[in-house]
Structure formats: C-alpha cells, structure tokens
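Lettering of chains follows the sequences in order, A, B, ..., and the numbering in each one begins at 1. This structure is a prediction, so every number in the text was calculated from the model and none was measured.
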Amino acid sequence: MDASASILFSGRFSFAANPAPNLMPNEEPSVDRKTLDDRQKMTELERLRHSCAHVLATAILRLWPEAQFAAGPPVENGFYYDLDLAHRISPEDFEKIEAEMKKEIKANHVFERIVVTREQALADAASGRLGGLAERPGNPSQFKLGNLADIPAGEPISYYRNGDFLDLCAGPHVMRTGNIGAFKLTHVASAYYKGDEKNPQLQRIYGTAFKNKTEMEAYFTMIEEAKRRDHRKLGQEMGLFALDSEYVGPGLALWLPNGTAILEELEKLAKETEFAAGYVRVKTPHLAREKMYKTSGHLPYYADSMFPPMILPMENEDRKNFEKLLLKQGQLRSGLAAAGHQGAFEAEDHPLHRQGLESAQPAVADVADALKEEERLAKAIGEFRSHGRYYLKAMNCPHHHRIYAAEPRSYRDLPLRLAEYGTCYRYEQSGELFGLMRVRALNMNDAHIYCTAEQFAEEFRAVNEMYLKYFQIFGLSKYQMRFSTHSAAGLGKKYVNEPALWHQTEDMVRRVLVESGINYVEVANEAAFYGPKIDVQVWSAIGREFTIATNQVDFAVPAKFGLTYRDRDNTDKTPLCIHRAPLGTHERFIGFLIEHYAGNFPLWLAPEQVRVMTIGDEAPLVDYASALVRELRAGQVRVKADFSTNKINGKIQEAEKARVHTMLVIGSRDLEAGNVSLRRHGHGNLGAKPRAEVVADILAAIHERRA
RNA sequence: GCCAGUUUAGCUCAGCGGUAGAGCAACGGUUUUGUAAACCGUCGGUCGCCGGUUCAAUCCCGGCAACUGGCUCCA
C-alpha cells in the first residue's frame, strides 16, 4: 500500500475515493486512502467515529496506562483501535471502558492539531508519549515509531491532542470530544500490525458511534433485522441446507430437499441461458492425477488450497519397474561419488535406493553423461510417484482443457463454449469457513470459452451481458465490477511471466468494459496467475460483501496443455480461454439469495411453491383439493397438501412460518363455487378466485420467473 | 492457520460442585374448523469430546473438536 496512507491507518480502509454510482454511500468498496488530501474528504460521521477511536484509547489508558496503540481508523459501521496489552480485554471490560469514555466526552476536550518536526515526533515516540497520556519511560511507542517510518520525507507530521491524550494522527477530527453523541463498544478481535501475518498480533476493539442516540438505536435495530436474514439462520429454519461437521466435515454442505429445489431451479436457468448462448454441456469427474495440476501450473501456486492427494498403491509391474529405477539411481549416485562428483541430489528414502548407494560401483567414465542419466532417472521416478497421486479438483478448467484436447480442433469449431455445473473442492483455512458463503465443496456455474484473439472481445462482452441479464432476474441492483490486473513485480512468481500477453489481454478487457459502458474499478496485482479477470462484487441485504461472479482471461494454461486449433492458413495456433462463472457457486449464490430475499423467494425459486389446505377433512372437500394438488403437480409445481383437522388459523400460521409462497384455502363455499381462496406469503388473504384462473396464473408466474 | 468468545433436548434458551428445566417441534388422543397457534397427554438430554482436581464435575482446571466475531487468505 501507499506509504502515506499509513500515518495512522495501517489497516484497510473501508471507504472509497470514487464511489461507483450504483452503490449506496455506506456500501463503497474498500480502497486504501492514498493521500492526505483524500483523508480530508472524510465525512462528518467518519470524523466522529475516528475521534471516538481516540476517546477509546484515552479511556483504555486510564485503566491500563501501559497499553500501546497502533492504528485507529473509522470503518464501515464504526471504528476500531488496535492495541497491545498484556491484559486480554473481554466484553466484560466494556462497561468500565465505556464509563471512562463517557467521562472524556463529558469533559468536552478540544481536538487540537499540532504540527511537529520528524525529530520531535521520534523523540516523543521514544519517550512513550505518543498514544499515551504522559511520558512513559522505558515503554516507547513502538507502533507509532513504525508508523512514523512509513511517512514519506517532506510530508507534514501532525499530532492530535484531546486532554492528556496525544496521538500521532493526520486527522481530521470533530471539534470536541463532546461532539460524539452516542457510541458503543461492540466486540474484540485480533489483528496483525499493519495487516501483515508476520507482524505481532494486536487486540482490536471495535465500536460504533453516531451523532445521537436515535441514530444509534436505528443502527442496532438494523443489525437485529440483519440477524433475522442471516442465511445460516434462515437455512436452518427453512430446511435448505445442513452443515454436519461431525460426520461430513467442516465446510461441506448437505443440500436438504428444500435447498435442492432452489439449486435445481438455478441450474435450469443457467442451462437454458447457456443453451441459448451457444454453449455445450460437458460432465467431468471430481478428481484427476497429479500430472493434471502440474501441467496446469496450479500445484506450485495453489497446493495449499487443495485437499492433499490420495495416494494409490502401485500395481505389481509398476512397483517392480519403480524399484529397479531406485536401485539404479542409488548405484549411479554411488558411482558418481566414486568419481569424485559431489552432486546435490534430492534425497530418496527407500531401501533399494540405499542399497544402490552402498554398493561399491566403479567410477563412471563420463560424468556429464552420468549426470544426464541421473536426471532422466529422477524424472522417471517422479513420474512413477505422481502417477498414483490423485487430487480432488479445485477448479474445472484443466478437465475442460482435456475435453478440448480430446478431439482435433479447427478454427471453424471456435468459439467452443464448454459448460458444466462442476463440483470443486478447496481446502479453505478453518477460520475462513463461513456458512454457505465460504465452503470446501462447491458447485460452480462454470464454463470455458475457447476462442481466437479476434473473437475474444465479442465473447467477453457476451459474458458480461449474461451477468447483467442474471442480475436483472434477481433484482440485483447493487454490484461492482472489479477489474484485476497483474503487477510487474509479481511476474514469474504470482503471475506467469508473459509481460506482453498481460498487457495485450488487459487492454482487450479494458476496451470491452469501456465500450459496453460498464461501470468498473481497476485494481492492480489481484489477477489470476494466468490472466486478468473481472470479479463481480455484490452486497447482501445484510451488507456483507461477496464476490459472486467471475470472468477471467487465460492466455497461459491452454498452451501448457498444448491446446491448438488448425487455422485458415493451415498452421496450429493456441486459443485464448475465458473462464466464467456468472452465478458463481450454488453455495455462495444461494447463500446470497437467502439474505437478498430474506427467505421470501419468488414463486419460481420457492422451495414450497404452493400449499393447498382444506377447512375440515370432509370427503368432498378433500376430493376437490386433491384434484387441485394433482393438477398443480402435473404442471411441475412444488405443492404440498394439508388436509388435517387442525383449525385453519393454525394451518395458515404453519404455512406462513414455512414461507410457503402461495396458500390455497378450500372450504365448502369454494367447493360450491368452483373457487379457491388465495393467500400469498407476506400479502395476506387475496380472496376467492376461480380455480382455473389461479392455476393458470401460478403456472405462468413460474414459467416467466416472475419476481 | 492466528487471537478472543461460545458449545445444555430437533429448535430457541434457563439453571447448578450433590448426574437437569421451560416454550416450540415430534408422537398419541380429543376437536370438523373461513385466513398467523383449539385442548389433553406422552416421548425426548453421556449438559461437544478426552483427561485432571474432588467423597462427588454439566459446573473448577487442562487438551482437542466444532461454531461465532475478527485477522490473514480467497484460482
């Protein structure tokens, strides 16, 4: 990150300099604050929250004068301050910390800005004065020293002082501590200093602050509403999915019948849309040999994120050949040693290899030849080993590449669009698992488009248009396209070392985005290792930000697999590949939809679309209702019957709680008139209507995927 | 993976150094009903797992696991 941003705020900023118009003000993407000028653009509320962080530090120092502070910025819904303190602050401490904060606010101290020289700042940090109430001999402000080091030469250095508390800070602040109308500490967490895993872990105290109590109460009411919409809670209530970590494993979701209904509706939508867009469907296994991921280049980059391989025992003949190689290798190395060659070979731990090593081999005649032979043996041994290793696939692309390779391809076959709802497995770190949003087994709305450079722009544009079409269906208006490019520094490490291709493809993507008038932000150094990409970020109704879809260029991996097509000029050329997943994964997309709709799905997605209930269970009523159920079921409607003798109020309450989309009540009056009484979840009783009309409308609404 | 917190019946949650309780759900009856709960009864728990302290542990201590909130990460 830019060093100037680190004066006080070493962590991540959660407000942007250039908010995209389709975003709500408090839903801007997180972007590092680049300059002091940017900082002056802090909103009034952000200043207030930032000031409250200083008040928090003041209070903590009153209780624990030895505390060392690092960074205390405003964040999306409040603020935090990172600190180092032997005492572990727990929520039980909040009350007394808040009491001290109230005193500081009541004292109504001025936030005084003081500009100092670097020498002065270094001296104050050394004495422990910075981020303290007084000088603290023997307890220098170590993190402030670290922050000072990040301030570029020539940039002004400023303090802010409220009462006794003096902090290195670029500001800005509110005028007085008394301007903080309402605040509350919310939780403790831990964070690495400057966000770097290698740095010490600090305690992070989070809080929120508002101009007044009313606004704060509205915020907490909103939080309560958000908890009700949480996909984990709704998922359980509605019987959508289960996470059985004991028997199945953490992050491995089980789709219950209700959730599967949604999942299959999404697949149906994707299949229809992709069919219309000229995709063909394929189906591939969930695992592949190690060679696949060595070739694709994924293994060196992503081995940590893959489940470890399963290792198959070798067949008899293979084993014999393998052991012969090991013996031979040992002997060869022994011979090389006898010839005085001290090669640094990879150690092999095998009895036969050792037996070879210990054999008294005559010195080799030609060391260069012997080394060549050694290299060949080592490679062959590696291949034998690799042959029996299978990995669960973390991505579908290599399998699709092999489908491409399964037949000779002509330029006439391109673009070739291979689509699959592929199941991938990723070994996400345990702490990163999160309901359905971050899982270890995922069903991806995947496809790979193989095309020529000339076709690329059109294909890429079509993919982006498909995204927009989907977003419209789901009434998704808040999203942000994020264009991720490479960094020169990462070439050969994080990114394949093809600088010309990077620039070429990045230009192509940028042009498509500009020409389609798509609103996007460009971020450097976040591309995939094989090419630039566009991620689509959405904000769930709860305000959680997620990458829901992705559209990536791949100019590297097809070549690694030797994929070619025969062009007009009768030469073989390598196709470009577009990886795209507009609906992301079922897990994340449905998790998102649950929160988006608060569990109140439109008819076409609702797990239980219709429930037919009778008032009483007398035979003619049940016959009439049964016929209705059969008719709906014949129309592929997910319908259930409740013909029990419970009171109609009770039946309705049950159906409402289950969020059944459409409730059809049938009593003797309806029977006589050939009607059904219609009720919709969230809309109440809509009155009696002719049966045929209601059925036709239900079928039409499902077919049209009406919102 | 790291820091902190949490884990009691299918769900939501009480409770306590002397091996447990409510509501809802489930199940069995009774009830024949007009748009968000009719009534009665029954069942249900190795108090996350393993170990320690104690005459006695669900409760105190330690380890592990899972979950939650963050951090780091996210092809």
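Sequence order on RNA chain B of the closest nucleotides to A:Gly682 and A:Asp230 puts A:Gly682 first from the 5' end. Residues A:Ser190 and A:Arg440 both approach RNA chain B. Their nearest nucleotides, taken by heavy-atom distance, put A:Arg440 toward the 5′ side.
Comparing B:C27 with B:G69, their P atoms are spaced 33 Å from each other, to the whole Å. Rounded to a whole angstrom, the distance from the P atom of B:A36 to that of B:C43 is 34 Å. Here, B:U31 and B:A38 have their C1' atoms 7 Å apart, quoted to the whole Å. B:G70 and B:G44 have their P atoms separated by 40 Å, with the value rounded to a whole Å.
Residue contacts for A:Gln552: at a heavy-atom cut-off of 4.0 Å it reaches the sugar-phosphate backbone alone, with no base atom in range. Heavy atoms of A:Asn649 sit under 4.0 angstrom from primed sugar atoms or phosphate atoms, though from no base atom. Residue contacts shown for A:Ala191 are limited to sugar-phosphate atoms, with no base heavy atom under 4.0 Å away. If you check every strand for non-hydrogen atoms under 4.0 Å, A:Arg232 touches sugar and phosphate atoms only. Among the protein residues, A:Phe529 comes within range of no part of the nucleic acid, since none of its heavy atoms lies under 4.0 Å from any strand. Heavy atoms of A:Glu654 sit nowhere under 4.0 angstrom from any nucleic acid atom. A:Ile652 comes within contact range of at least one nucleobase, with a heavy-atom separation under 4.0 Å. In this structure, A:Thr614 reaches neither bases nor backbone, as no heavy-atom distance under 4.0 Å exists between it and the strands shown.
Taken together, the paired segments of RNA chain B that extend over three or more consecutive Watson-Crick or G-U pairs, each closer than 3.5 Å at both contacts, are B:1-7 with B:65-71, B:10-13 with B:21-24, B:26-30 with B:38-42, B:48-52 with B:60-64.
Judged as a salt bridge (Lys or Arg N to Asp or Glu O under 4.0 Å), the pairs with a partner in residues 574-585 of chain A (not counting sequence neighbours) are, in order, A:Glu274-A:Arg580.
For RNA chain B, the residues of residues 664-673 of chain A within the heavy-atom distance limit of 4.0 Å (strictly under) are A:Val665, A:Gly667, A:Ser668, A:Arg669, A:Asp670, sorted by number.
Ion pairing between a basic and an acidic side chain is recognised when a charged N comes within 4.0 Å of a carboxylate O; A:Glu225 and A:Arg228 show such pairing. Contact check on A:Lys393 versus A:Asp446 returns no salt bridge, with no Lys/Arg side-chain nitrogen under 4.0 Å from an Asp/Glu carboxylate oxygen.
Ring geometry for A:Trp502 versus A:His486: interplanar angle under 30°, hence parallel rather than tilted (30 to 60°).
With hydrogens and angles left out, the side chain of A:Gln201 and the base of B:C2 share a donor-acceptor pair within 3.5 Å. Between the side chain of A:Arg204 and the base of B:A4, no donor-acceptor pair under 3.5 Å is found. Interface remark: the A:Arg426 side chain does not form any donor-acceptor pair with the B:C74 base, using a distance-only criterion of under 3.5 Å. Below the 3.5 angstrom threshold, one finds a donor paired with an acceptor across the side chain of A:Ser305 and the base of B:A75.
The aromatic ring of A:Tyr206 does not stack onto the base of B:G70, failing the criterion of a centre distance under 5.5 Å from the six-membered base ring together with planes under 30° apart.
A side-chain N or O of A:Ser190 and one of A:Gln201 form a donor-acceptor pair less than 3.5 Å apart. Counted by atom type alone, A:Thr585 and A:Asn443 present zero donor-acceptor pairs between their side chains at under 3.5 Å.
Rounding to whole angstrom units, CG of residue A:Leu436 and C1' of B:C67 are separated by 15 Å. Across the protein-nucleic acid pair, A:Glu428 atom CD and B:C71 atom C1' stand 16 Å apart, rounded to whole Å. When rounded to the nearest whole Å, the span between CD1 of A:Ile648 and C1' of B:G34 equals 7 Å. If you measure from atom CG of A:Leu202 to atom P of B:A4, you get 13 Å, rounded to the nearest angstrom. Counting to the nearest Å, the C1' atom of B:A37 and the CD atom of A:Glu656 are 13 Å from each other. A:Glu246 has its CD atom 12 Å from the P atom of B:U46, to the nearest Å. For the pair A:Met663 CE and B:U35 P, the interatomic distance rounds to 14 Å; values are reported in whole Å. Protein atom NZ of A:Lys657 is 11 Å distant from nucleotide atom C1' of B:G23, rounded to whole Å.
Dashed line: the shortest gap from a side-chain N or O of A:Gln429 to OP1 or OP2 of B:G1 is not under 4.0 Å. Here A:Gln236 does not reach the OP1 or OP2 of B:G10: none of its side-chain N or O atoms lies under 4.0 Å away.
Here the closest non-hydrogen pair linking A:Leu392 and A:Met306 is O-CE, 3.8 Å. Closest approach of A:Met663 and A:Ile652 over heavy atoms only: SD-O, 4.5 Å.
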With the criterion being N/O to N/O and under 3.5 Å, what pairs connect the protein with nucleotides 30-32 of chain B, and how long is each?
from: B:U31; atom 1: N3; to: A:Thr645; atom 2: OG1; distance (Å): 2.9
from: B:U31; atom 1: O4; to: A:Thr645; atom 2: OG1; distance (Å): 2.3
from: B:U32; atom 1: O2; to: A:Asp617; atom 2: N; distance (Å): 3.1
from: B:U32; atom 1: O2; to: A:Asp617; atom 2: OD1; distance (Å): 3.4
from: B:U32; atom 1: N3; to: A:Asp617; atom 2: OD1; distance (Å): 2.4
from: B:U32; atom 1: O4; to: A:Asp617; atom 2: OD1; distance (Å): 3.1

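Partners of A:Thr547 according to the side chain to side chain contact (heavy atoms under 4.5 Å, CB included) rule, which considers only residues two or more places apart in sequence or in another chain, are A:Asp535, A:Gln537, A:Arg588. With sequence neighbours left out, the salt bridge (Lys or Arg N to Asp or Glu O under 4.0 Å) criterion links A:Arg438 to A:Glu428, A:Glu432.
Between A:Tyr450 and A:His400, the ring center distance fails the sub-6.0 Å criterion. The ring of A:His298 has its center no closer than 6.0 angstrom to the ring center of A:Tyr391.
Nearest nucleotide to the side chain of A:His187, out of B:C67, B:G1, B:G69: B:G69. Relative to the side chain of A:Ala394, the nucleotides B:A66, B:A75, B:A4 differ in distance, and B:A75 lies closest. With B:U12, B:A75, B:G69 as the candidates, the nucleotide lying closest to the side chain of A:Ala189 is B:G69.
Residue A:Leu254 is tested with A:Leu243, A:Asp244, A:Thr260 for a side chain to side chain contact (heavy atoms under 4.5 Å, CB included); the sole match is A:Asp244.
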Please assess A:Phe529 against A:Tyr302 for the test ring-ring contact (aromatic ring centres under 6.0 Å, His included), listing each intermediate value before the final yes or no. CA-CA 10 Å; A:Phe529 78 86; A:Tyr302 299 113; 5.7 Å; yes

Apply ring-ring contact (aromatic ring centres under 6.0 Å, His included) to the pair A:Phe592 and A:Phe546, showing each step before the final yes or no. CA-CA 8 Å; A:Phe592 170 79; A:Phe546 286 97; 7.9 Å; no

